[in-house]
Asks: 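Handing you a structure now.
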Amino acid sequence: MKRLKFIIKRLISMIVIMLAVSFLVFVLLRMSDTDPLTVVIGNNQSTPELRQALAEEYHLNEPVHIQYLRWLKGVLVGDFGKDYVDGQDIKGLIMSRLPITFGLVIMSSLIGIAVAVLLGVTAALRKGKPSDAALSGIMLVLSGAPSFLVSILVLLFMTKYVPGYSFIGTYTNFGEFLQRITIPSIIMSLLFVAMLGRITRSNMINQLQSPYITTAIAKGLKKSSVTYKHAFHNAVIPVITVAGYMIAGAIGSSVIVEQVFSLPGIGGLLITAIQQNNFPVVQILVLFMLGVYLVMSFIVDILYTVLDPRVDLK
């Protein structure tokens with residue numbers, strides 16, 4: 001019953017947040033100095049008749065709150081409207097780019113989390129030894145390495161020493177898709193390794209030094225069983241929490257990698273839309289990214305209680 005009340009409460013708060021942010025973004029975009037009709041007309045010759053026709057087609061002659069309600073109604077039924085620059089269907093435009101961004105996020109998350117946990121646990125078990133210092137040093141260096149700089153260096157290295165590897169062009173099958181996103185995903189995973197690796201190490205050390213671990217070993221339980229079944233289980237819970245938020249934020253952070261490697265993903269689409277003052281694309285992408293973040297935080301909270309029943313949902 002408590003979990004059901006928590007879920008309902010969170011869902012309501014998520015809806016309120018998304019409505020508030022979407023309205024704020026919608027209004028702020030239209031308070032800018034850019035005239036939406038100028039963006040829609042583009043290089044065409046502007047005439048009063050054309051401006052009037054386009055204003056009616058895009059409902060730009062209506063009050064802002066009416067425009068917002070009309071846009072929100074469309075979003076709720078899956079109609080995201082047309083972009084101002086090319087008149088393309090925004091839903092189709094986004095759907096064509098989702099595979100790249102989702103592929104980057106999923107692959108980088110899987111690689112990053114796996115490597116981070118492995119390094120963190122290894123470093124914790126070898127606390128005070130040279131290998132611990134080496135692993136901690138690697139994670140510290142990775143945490144301070146800008147992704148755009150790493151991307152550029154990797155791109156230069158691959159271009160010079162692996163000339164047959166292609167980052168550009170289209171993909172016609174899953175193999176080509178993986179080829180395009182593997183290296184960028186590895187670069188994105190470095191942030192996961194740096195952050196989650198250190199958290200794993202710290203939590204594992206705290207758990208291994210806890211009295212219940214000492215008691216369990218004194219009772220004759222195998223050290224390996226105590227380490228991985230008890231200490232690791234408790235140490236990994238905060239890691240999962242942070243990982244969830246990092247996965248949600250990875251969609252936004254993919255912008256840099258997508259730009260450097262010319263990947264047609266959501267991040268690049270958002271940057272282009274902002275540069276072109278393409279308001280409908282900007283507002284739906286902001287809402288999409290916010291929605292992903294809120295959903296991931298909701299999943300993390302539920303998962304936290306599953307992993308640790310002691311946590312009380314309030």
Side-chain angles (χ1 to χ4, degrees), residues 1-31 64-81 90-91 94-95 98 101-102 104-106 108-110 112-113 116-117 191-192 195-196 199-200 202-203 206-207 230 232-255 266-267 270 279-314:
M1 193 65 180
K2 283 186 177 181
R3 182 167 295 177
L4 179 61
K5 289 182 179 179
F6 172 79
I7 291 174
I8 295 174
K9 184 177 179 180
R10 283 297 302 272
L11 289 175
I12 293 174
S13 67
M14 287 165 60
I15 293 172
V16 172
I17 291 172
M18 292 187 71
L19 287 174
V21 172
S22 65
F23 180 74
L24 182 63
V25 171
F26 193 95
V27 172
L28 289 177
L29 286 173
R30 281 149 185 78
M31 289 176 61
V64 174
H65 68 282
I66 299 298
Q67 292 183 46
Y68 171 75
L69 292 176
R70 185 184 296 277
W71 171 79
L72 182 62
K73 180 181 177 181
V75 171
L76 293 176
V77 297
D79 180 11
F80 300 160
I90 296 176
K91 183 178 181 179
I94 293 175
M95 293 302 292
L98 275 180
T101 299
F102 276 0
L104 284 172
V105 172
I106 293 172
S108 63
S109 301
L110 292 176
I113 294 172
V117 171
L191 183 59
F192 283 89
M195 179 70 72
L196 299 180
I199 294 175
T200 302
S202 176
N203 287 329
N206 288 336
Q207 292 298 324
H230 299 283
F232 178 75
H233 178 271
N234 291 325
V236 81
I237 294 176
V239 176
I240 292 175
T241 303
V242 177
Y245 289 109
M246 290 187 70
I247 293 172
I251 291 182
S253 61
S254 67
V255 172
I266 296 298
L270 178 59
F279 296 164
V281 178
V282 174
Q283 58 204 29
I284 196 64
L285 287 182
V286 170
L287 184 64
F288 171 75
M289 291 181 177
L290 174 63
V292 171
Y293 187 86
L294 291 176
V295 169
M296 281 303 302
S297 65
F298 173 71
I299 293 174
V300 167
D301 288 342
I302 296 298
L303 187 59
Y304 205 108
T305 62
V306 173
L307 294 173
D308 189 355
R310 296 171 300 178
V311 175
D312 185 24
L313 288 175
K314 293 182 179 181

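We're numbering straight along the sequence, starting at 1. Because the structure is a prediction, the values reported are computed rather than measured.
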Asks: Show the numbers, then the answer: is there a side-chain contact (heavy atoms from CB on, under 4.5 Å) between L98 and I266?
Replies: CA-CA 6 Å; L98 275 180; I266 296 298; 3.8 Å; yes
Asks: Closest heavy-atom contact between Y68 and L19?
Replies: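 Smallest heavy-atom distance, with atoms named: OH-O, 3.3 Å.
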Asks: For the residue pair G244 and M296, what are the closest heavy atoms and their distance?
Replies: O-CE, 3.6 Å
Asks: When you compare the side chain of S109 with that of F192, does any pair of heavy atoms fall below 4.5 Å?
Replies: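 Yes, close enough: below the 4.5 Å cut-off.
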Asks: Is any side-chain heavy atom of W71 closer than 4.5 Å to one of P280?
Replies: no
Asks: Which distance, rounded to the nearest 0.5 Å, do you find between the CD of Q283 and the CG of L29?
Replies: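 Between atom CD of Q283 and atom CG of L29 there are 6.0 Å.
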Asks: Ignoring hydrogens, what is the shortest heavy-atom contact between I113 and A243? Give both atom names and the distance.
Replies: CD1-CB, 4.0 Å
Asks: Could you give the distance from CZ (F23) to CG (L287), rounded to the nearest 0.5 Å?
Replies: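 Going from CZ on F23 over to CG on L287, the span is 14.0 Å.
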Asks: Taking all atoms of both residues into account, what is the closest heavy-atom pair of S108 and L104, and its distance?
Replies: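 Shortest heavy-atom separation between S108 and L104 comes out as OG-O, 2.7 Å.
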Asks: Look at the aromatic rings of Y293 and Y245 and report parallel, tilted or perpendicular, splitting at 30° and 60°.
Replies: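 Ring orientation, 0 to 90° scale: tilted.
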Asks: Hey, could you give me the CZ/CD1 distance between R10 and I17, rounded to the nearest 0.5 Å?
Replies: 8.0 Å
Asks: Decide yes or no for I247 and V105: does some side-chain heavy atom of the first lie under 4.5 Å from some side-chain heavy atom of the second?
Replies: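 I247 reaches V105 side chain to side chain.
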Asks: For a 4.5 angstrom cut-off between non-hydrogen side-chain atoms, does T101 reach I251?
Replies: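 Side-chain contact under 4.5 Å: yes.
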Asks: Looking at G267 and V255, what are the two nearest heavy atoms and their distance?
Replies: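 For G267 versus V255, the nearest heavy atoms are CA-CG2, 3.4 Å.
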Asks: Compare all side-chain heavy atoms of V64 with those of V27 and state whether any distance is below 4.5 angstrom.
Replies: yes
Asks: Is any side-chain heavy atom of M14 less than 4.5 Å from a side-chain heavy atom of S297?
Replies: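 No. Closest side-chain heavy atoms not under 4.5 Å.
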Asks: Rounded at 0.5 Å granularity, tell me how far CG in L72 sits from NE2 in H65.
Replies: 13.5 Å
Asks: Do I94 and L285 pass the side-chain contact (heavy atoms from CB on, under 4.5 Å) test, and can you show the C-alpha distance, the side-chain angles, and the key distance before you say yes or no?
Replies: CA-CA 8 Å; I94 293 175; L285 287 182; 3.9 Å; yes
Asks: Is it true that a side-chain atom of S202 and a backbone atom of I199 form a donor plus acceptor pair closer than 3.5 Å?
Replies: no
Asks: Just verifying a value: how many Å separate I7 CD1 and K5 NZ, rounded to the nearest 0.5 Å?
Replies: 13.0 Å
Asks: Please find the pair of heavy atoms, one from M246 and one from L191, that lie closest to each other, and give the distance.
Replies: CE-O, 3.7 Å
Asks: Contact between F232 and V117 at the side-chain level, heavy atoms closer than 4.5 Å - yes or no?
Replies: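 In contact.
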